Peer 1: 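Questions regarding the structure given below will be posed in turn.
Remember, it's a predicted structure, so these values are computed and weren't measured experimentally.
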There are 2 protein chains.
Amino acid sequence: MNKIIPNISVDCVVFGFDSSGLKVLLRNRKLECPETGQLLINDHTITGFHVYEGEDLDSAAQRTLFNITGLTGIYLEQFYAFGSVERVNSEKEKCWRSYNNLGISDHVFSVGYLSLVDSTKIKPDQEHADVSWMPVDNLPELGFDHKEIIAKALERLRLKVRLEPIGFELLPEKFTLREMQELYECILGTSFDRRNFRKKIGQMKYVIPLNEKQKGVAHKPAQKYIFSRDVYERTKIEKLDFSI
Amino acid sequence: MNKIIPNISVDCVVFGFDSSGLKVLLRNRKLECPETGQLLINDHTITGFHVYEGEDLDSAAQRTLFNITGLTGIYLEQFYAFGSVERVNSEKEKCWRSYNNLGISDHVFSVGYLSLVDSTKIKPDQEHADVSWMPVDNLPELGFDHKEIIAKALERLRLKVRLEPIGFELLPEKFTLREMQELYECILGTSFDRRNFRKKIGQMKYVIPLNEKQKGVAHKPAQKYIFSRDVYERTKIEKLDFSI
DNA sequence: TTGCAAAGTGTAATAATTACACAACATGTT
DNA sequence: AACATGTTGTGTAATTATTACACTTTGCAA
């Protein structure tokens, strides 16, 4: 049995994307009073867990991510460490700990990881009924300091997406340029001229058109594209040129 | 008396700049065998210390930074958390701990901070004889995983310097355009055309020329400039436009 | 007075970015 | 069968940013 380190955890902000925008994978947390049955806590948290003894941060984050998504090999990046004294010490969290204390410290330092997944690969409803995608621009009530953690993750995502082609991690393997444009628009909160956007993408040799079209749409079907990391690595130039 | 948290520390990479390039502030660490007097360890470390109970990460970093520089209000930014299992468990570090163990865990998670100081404000020789500026491109032997930490700090500095006007933190209050250009050249490892660089800086309203010139130089003295954060905050545009 | 070393300055060529409108197409509806 | 709908796919001209490049000025030291 793995022993947890009582004062160190990882928290993983899992981003997904679909036609209605950018999402975060959250778990519903409920606590009801054993005597009265009253709902003491009913909020949401990102997924996280204490680091095990003898485990390093990245492994702990991968483990945590696997537990909620059932997937391995997904994009995962450490982005910030959170260590404020109050982060697990609000009244609500004291209450939570009083019912769930498993030898956990009252000052837990948590290392935040940011993960990007193709949301079509996850069917959260099946495996964990308490897990769901929530829109980043309309989050429910969150536990701990998870609002702050998500905000910081989003900030990092916005930065990173302009510097590296990580947007593709959020798209299905085959995607249309419209999907790609919508993704970038909703991450960056801007809108692009369609022709200029396409011109720009056209220059990216690593975004490769397929001989395949959308099906079952009530309009002219769009061509599908794939991203080639391989071509990207070979042709990338050291420049902040992903700003679109 | 403050009690330390045995498994959590902060490490602070302090960067400075002078005419010979970019520097890191390092402390010489020596350990001699109490019996034989033999030098068991003679290397360098960045400055760091365990977090105290009830203290948060930023405060711990500020405290640590003050201890080595004697300065407050300096640029300080968290950049990465290090938690590999081996980081304090090499033969050398086991040896160090066997002589200096103050209730320290054998798996210490360290949060890396990056600090930028005007090196003219620090006279390391006076206060601590064991502290000195070392060139980043020619580092001595380093303890713990500090080589990796410095590398990561440098990577972050290179990124950040293109996105925000933090370079000025490394310059004296009044500086010449040549100093500024040399700073950017040595951080980014490139060289700029002098006229184009000046043209670019000319557009930055927050780099303000003074009615003051260099003195005591054996050539045409250069005009001095200051950076105004105030003007910057007012005029900044959301764009990755600091790439020069 | 002369030599030295760095400061300070402008222009033309090239490349990148922006703004903008219409025909083609697959489907669902009448 | 014809039509309505909604989205795809495409080019050009104007503007702006980037690059490459050479000579005169200045203050001090010898």
Side-chain angles (χ1 to χ4, degrees), chain A residues 18-21 162-163 165 171-172 174-186 188-205 207-226 235-244, chain B residues 17-21 162-163 171-172 174-186 188-205 207-226 235-244:
Chain A
D18 65 25
S19 56
S20 72
R162 297 204 288 180
L163 310 179
L171 292 171
K174 301 172 180 180
F175 51 87
T176 65
L177 292 187
R178 159 175 281 255
E179 288 168 329
M180 184 171 167
Q181 181 170 349
E182 277 175 354
L183 171 67
Y184 277 86
E185 286 180 342
C186 93
L188 298 173
T190 49
S191 68
F192 301 109
D193 174 89
R194 197 153 51 92
R195 275 186 286 195
N196 293 339
F197 184 85
R198 288 168 156 262
K199 203 189 299 172
K200 191 98 178 184
I201 306 306
Q203 289 157 218
M204 299 175 179
K205 301 250 173 71
V207 179
I208 302 169
L210 298 172
N211 285 327
E212 190 178 335
K213 296 189 169 187
Q214 264 183 324
K215 274 177 220 158
V217 288
H219 54 76
K220 178 169 177 177
Q223 190 167 22
K224 295 218 164 191
Y225 289 75
I226 54 166
T235 61
K236 74 173 161 184
I237 36 173
E238 266 315 324
K239 208 191 141 196
L240 293 183
D241 72 338
F242 219 78
S243 3
I244 303 181
Chain B
F17 172 76
D18 65 24
S19 56
S20 71
R162 298 203 289 179
L163 310 179
L171 292 171
K174 300 173 181 181
F175 53 87
T176 65
L177 292 187
R178 158 174 284 256
E179 288 167 329
M180 184 171 167
Q181 180 170 351
E182 278 174 354
L183 171 68
Y184 277 86
E185 286 179 342
C186 93
L188 297 173
T190 50
S191 68
F192 300 109
D193 174 89
R194 197 155 49 92
R195 276 186 284 193
N196 293 340
F197 183 86
R198 289 168 154 261
K199 202 188 303 172
K200 190 101 179 182
I201 306 305
Q203 290 159 217
M204 298 175 180
K205 300 248 174 72
V207 180
I208 301 168
L210 298 172
N211 285 328
E212 189 178 335
K213 296 189 168 188
Q214 265 182 321
K215 272 177 224 159
V217 287
H219 54 75
K220 179 172 176 177
Q223 190 167 20
K224 296 220 167 187
Y225 288 76
I226 53 165
T235 62
K236 75 173 160 182
I237 35 173
E238 266 314 325
K239 206 191 142 194
L240 294 183
D241 74 337
F242 219 80
S243 358
I244 302 180

Peer 1: Judged by atom type as modelled, is there a donor-acceptor pair below 3.5 Å linking the side chain of E185(A) to the main-chain atoms of F192(A)?
Peer 2: yes

Peer 1: Rounded off to whole Å, could you give me the CD-to-P distance for the Q214(A) and dA24(C) pair?
Peer 2: 20 Å

Peer 1: Output the single nucleotide from dG10(C), dG9(D), dC20(C) whose closest atom is nearest the side chain of N196(B).
Peer 2: dG10(C)

Peer 1: Hey, which sits more toward the 5' end of DNA chain D by its nearest nucleotide, L177(A) or K220(A)?
Peer 2: K220(A)

Peer 1: Side chain of R194(B) only, please: which of dT8(D), dA26(C), dA7(C) is the nearest?
Peer 2: dA7(C)

Peer 1: Rounded to the Å, how far apart are K215(B) NZ and dA7(C) C1'?
Peer 2: 18 Å

Peer 1: Please report, rounded to the nearest Å, how far the P atom of dG9(D) is from the NZ atom of K224(A).
Peer 2: 12 Å

Peer 1: Write down the distance between CE (M180(B)) and P (dA7(C)), rounded to a whole number of angstrom.
Peer 2: 14 Å

Peer 1: Is it true that a side-chain atom of Q214(B) and a backbone atom of K224(B) form a donor plus acceptor pair closer than 3.5 Å?
Peer 2: no

Peer 1: Any side-chain heavy-atom pair from M204(B) and K200(B) closer than 4.5 angstrom?
Peer 2: yes

Peer 1: Expressed in angstrom and rounded to an integer, what is the separation of K213(A) atom NZ from dT27(C) atom P?
Peer 2: 10 Å

Peer 1: Answer yes or no: side-chain N or O of R198(A) and base N or O of dG9(D) forming a donor-acceptor pair under 3.5 Å.
Peer 2: no

Peer 1: Counting only side-chain heavy atoms from C-beta out, which of dG6(D), dT18(D), dG8(C) sits nearest to K200(B)?
Peer 2: dT18(D)

Peer 1: Using a heavy-atom cut-off of under 4.0 Å over every strand shown, decide if A218(B) touches base, sugar-phosphate, or nothing.
Peer 2: base

Peer 1: Just how far, in rounded Å, is C1' of dG27(D) from CD of Q223(B)?
Peer 2: 15 Å

Peer 1: If every non-hydrogen atom of L210(B) is compared with every non-hydrogen atom of Q223(B), which pair is closest and at what distance?
Peer 2: O-NE2, 3.1 Å

Peer 1: Distance check, rounded to the nearest 0.5 Å: K213(A) atom NZ versus K220(A) atom NZ?
Peer 2: 7.0 Å

Peer 1: What nucleotide among dT26(D), dT9(C), dG11(D) has an atom nearest to a side-chain atom of K199(A)?
Peer 2: dG11(D)

Peer 1: Report the residue (D193(B) or R178(B)) whose heavy-atom-nearest nucleotide on DNA chain C is the more 5′ of the two.
Peer 2: R178(B)

Peer 1: Quickly work out the Q203(A) CD to dA15(C) C1' distance and round it to whole Å.
Peer 2: 11 Å

Peer 1: Which nucleotide wins on minimum distance to the side chain of R195(A), given the candidates dA20(D), dA21(C), dG6(D)?
Peer 2: dA21(C)

Peer 1: Rounded to whole Å, how long is the line connecting atom CD1 of I201(B) with atom C1' of dT9(C)?
Peer 2: 16 Å

